[in-house]
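Down below is the structure, laid out as structure tokens.
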Amino acid sequence: MERREFIRQSALCLLGVMAGEWDMLWGEASKEVPEPMIYKRLFQFAEYTERKATEFIVIHHTGNPGVDKDSTAEAIHKYHQEHNKWAGIGYHYFIRKDGTIEQGRRPGMVGAHAKDNNDTSIGICLAGNFEIGKPTEQQMKAAKELCRWLCSKYGLNPMKKGVIVGHRDVNDTLCPGRNLYKRLGEIRRFCYDGSG
């Protein structure tokens, strides 16, 4: 157990708050988080299935071989349709190098981003190859704000294990790259208390 989690659990015990009650309190406290600026894209999809539940968020990188470059949700949508033969972009949200957040798949629909885990997750992809490069501070700021809003919207406790994960946590892959993966704790902390 991490020190921060130990202190939180100790404080909750002193206050007489049980874990289930904390989840309820988290849901109440998180309703005030404003939606970040998201550029809505109206992509055409071959098919759509509505997601029945939202239990966690999966973080990705584009991971273009040998190059750390920017991209767009539109380019990923086209690639996923033409190369992967998918309905369209597999991610729900895409974050460009300048921190711009673009909507990919409609938020309430099943994504195509984490095999065997799409029915209950939201996919967020950051442009870049973070095995060789690093996410920009604008991307990190946008990812933190987006994840905080999503945790609020879906009543997710960001500090609970398995709520904000890297793609490598659910599938056999290097995604989201070591330089982004090691910063997921910052995203969780920001979602939890605005720090990080």
Side-chain angles (χ1 to χ4, degrees), residues 36 38 41 43 45-65 68 71-96 101-135 139-140 142-192:
I38 299 171
R41 304 296 187 218
F43 298 127
F45 285 84
E47 59 187 51
Y48 253 147
T49 305
E50 191 171 332
R51 195 173 59 252
K52 302 286 188 237
T54 304
E55 298 172 356
F56 61 107
I57 298 167
V58 183
I59 307 293
H60 303 263
H61 71 157
T62 50
N64 300 88
D68 177 37
S71 191
T72 65
E74 183 176 14
I76 301 299
H77 179 69
K78 183 176 180 183
Y79 180 82
H80 282 180
Q81 281 187 326
E82 294 176 3
H83 183 267
N84 294 3
K85 304 301 182 198
W86 295 350
I89 186 170
Y91 315 110
H92 297 93
Y93 299 98
F94 188 79
I95 303 176
R96 301 192 57 190
I101 303 170
E102 298 178 322
Q103 181 180 300
R105 245 174 229 233
R106 291 189 186 105
M109 300 300 164
V110 173
H113 60 91
K115 186 177 180 186
D116 298 325
N117 295 279
N118 292 312
D119 290 343
T120 56
S121 67
I122 289 181
I124 299 173
C125 183
L126 282 68
N129 181 336
F130 304 127
E131 279 295 305
I132 59 175
K134 295 180 179 179
Q139 283 180 302
M140 288 303 297
K144 290 173 184 179
E145 291 174 357
L146 178 59
C147 286
R148 189 172 196 196
W149 173 68
L150 289 169
C151 284
S152 168
K153 179 177 179 177
Y154 293 104
L156 304 175
N157 179 346
M159 296 306 283
K160 186 175 178 182
K161 186 176 170 118
V163 170
I164 298 175
V165 300
H167 188 190
R168 68 172 62 179
D169 293 321
V170 295
N171 295 130
D172 185 19
T173 177
L174 294 176
C175 181
R178 65 177 171 258
N179 294 321
L180 175 54
Y181 189 77
K182 68 184 180 185
R183 297 188 70 183
L184 294 184
E186 290 177 44
I187 294 173
R188 293 181 190 109
R189 283 189 301 278
F190 182 85
C191 293
Y192 180 73

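In this chain, residues are counted from 1 in sequence order.
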Nearest heavy atoms of [X] and [Y], plus distance in Å:
{"X": "Leu146", "Y": "Pro36", "value": "CA-CG, 3.9 Å"}
{"X": "Ala112", "Y": "Arg105", "value": "CB-NH2, 3.8 Å"}
{"X": "His92", "Y": "Met109", "value": "NE2-O, 2.7 Å"}
{"X": "Pro176", "Y": "Ile59", "value": "CB-O, 3.6 Å"}
{"X": "Phe190", "Y": "Lys144", "value": "CD2-CB, 3.3 Å"}
{"X": "Cys151", "Y": "Ile57", "value": "SG-CD1, 4.1 Å"}

Treating [X] as the side-chain partner and [Y] as the backbone partner, does any N or O pair qualify as donor plus acceptor under 3.5 Å?
{"X": "Gln81", "Y": "Ile89", "result": "no"}
{"X": "Gln103", "Y": "Tyr93", "result": "no"}
{"X": "Asp68", "Y": "Asn129", "result": "yes"}
{"X": "Asn179", "Y": "Phe130", "result": "yes"}
{"X": "Arg96", "Y": "Ala127", "result": "no"}
{"X": "Asn118", "Y": "Ala114", "result": "yes"}
{"X": "Ser152", "Y": "Arg148", "result": "no"}
{"X": "Glu102", "Y": "Ile95", "result": "no"}
{"X": "Asn84", "Y": "Trp86", "result": "no"}

Start with the C-alpha gap between Thr62 and Asn64, add the side-chain angles, then the distance that decides, and say whether side chain to side chain donor-acceptor pair (under 3.5 Å) holds.
-> CA-CA 6 Å; Thr62 50; Asn64 300 88; 3.2 Å; yes
In this structure, are over 12 heavy atoms from other groups packed under 6.0 Å from Glu74 atom CD?
->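 Not buried by this count: 12 neighbours or fewer within 6.0 Å.
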Where do Glu131 and Arg168 land on the salt bridge (Lys or Arg N to Asp or Glu O under 4.0 Å) test, with the steps shown first?
-> CA-CA 13 Å; Glu131 279 295 305; Arg168 68 172 62 179; 3.5 Å; yes
Can you find a pair of side-chain heavy atoms, one from Met140 and one from Ile187, that are under 4.5 Å apart?
-> yes
To the nearest 0.5 Å, how far apart are [atom1] in [X] and [atom2] in [Y]?
{"X": "Asn117", "Y": "Asn171", "atom1": "CG", "atom2": "CG", "value": "6.0 Å"}
{"X": "Ile132", "Y": "His61", "atom1": "CD1", "atom2": "NE2", "value": "9.5 Å"}
{"X": "Arg188", "Y": "Lys160", "atom1": "CZ", "atom2": "NZ", "value": "14.0 Å"}
{"X": "Thr72", "Y": "Lys78", "atom1": "OG1", "atom2": "NZ", "value": "10.0 Å"}
{"X": "Arg178", "Y": "Arg183", "atom1": "CZ", "atom2": "CZ", "value": "15.0 Å"}

Any chance you could lay out the side-chain contact (heavy atoms from CB on, under 4.5 Å) test for Tyr91 and Ile122, step after step, and finish with the verdict?
-> CA-CA 7 Å; Tyr91 315 110; Ile122 289 181; over 6 Å; no
Aromatic plane relationship, Phe45 with His77 - under 30° parallel, 30 to 60° tilted, over 60° perpendicular =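 Taking Phe45 first and then His77, their aromatic rings stand perpendicular (interplane angle over 60°).
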Taking 4.0 angstrom as the limit, do Glu186 and Arg189 come out as a salt bridge?
-> no
Would a line drawn from the ring center of His113 to the ring center of His60 be shorter than 6.0 Å?
-> yes
Working for side-chain contact (heavy atoms from CB on, under 4.5 Å), residues Phe56 and Val165 | CA-CA 8 Å; Phe56 61 107; Val165 300; 4.0 Å; yes
Begin with the C-alpha distance, continue with both residues' side-chain angles, and end with the deciding distance and a verdict on side-chain contact (heavy atoms from CB on, under 4.5 Å) for Thr54 and Ser121.
-> CA-CA 5 Å; Thr54 304; Ser121 67; over 6 Å; no
Would you sort out whether Ser71 and Phe94 count as a side-chain contact (heavy atoms from CB on, under 4.5 Å), showing the intermediate values?
-> CA-CA 9 Å; Ser71 191; Phe94 188 79; 3.9 Å; yes
List the steps, then state whether side chain to side chain donor-acceptor pair (under 3.5 Å) holds for Asp169 with Tyr181.
-> CA-CA 10 Å; Asp169 293 321; Tyr181 189 77; 2.6 Å; yes
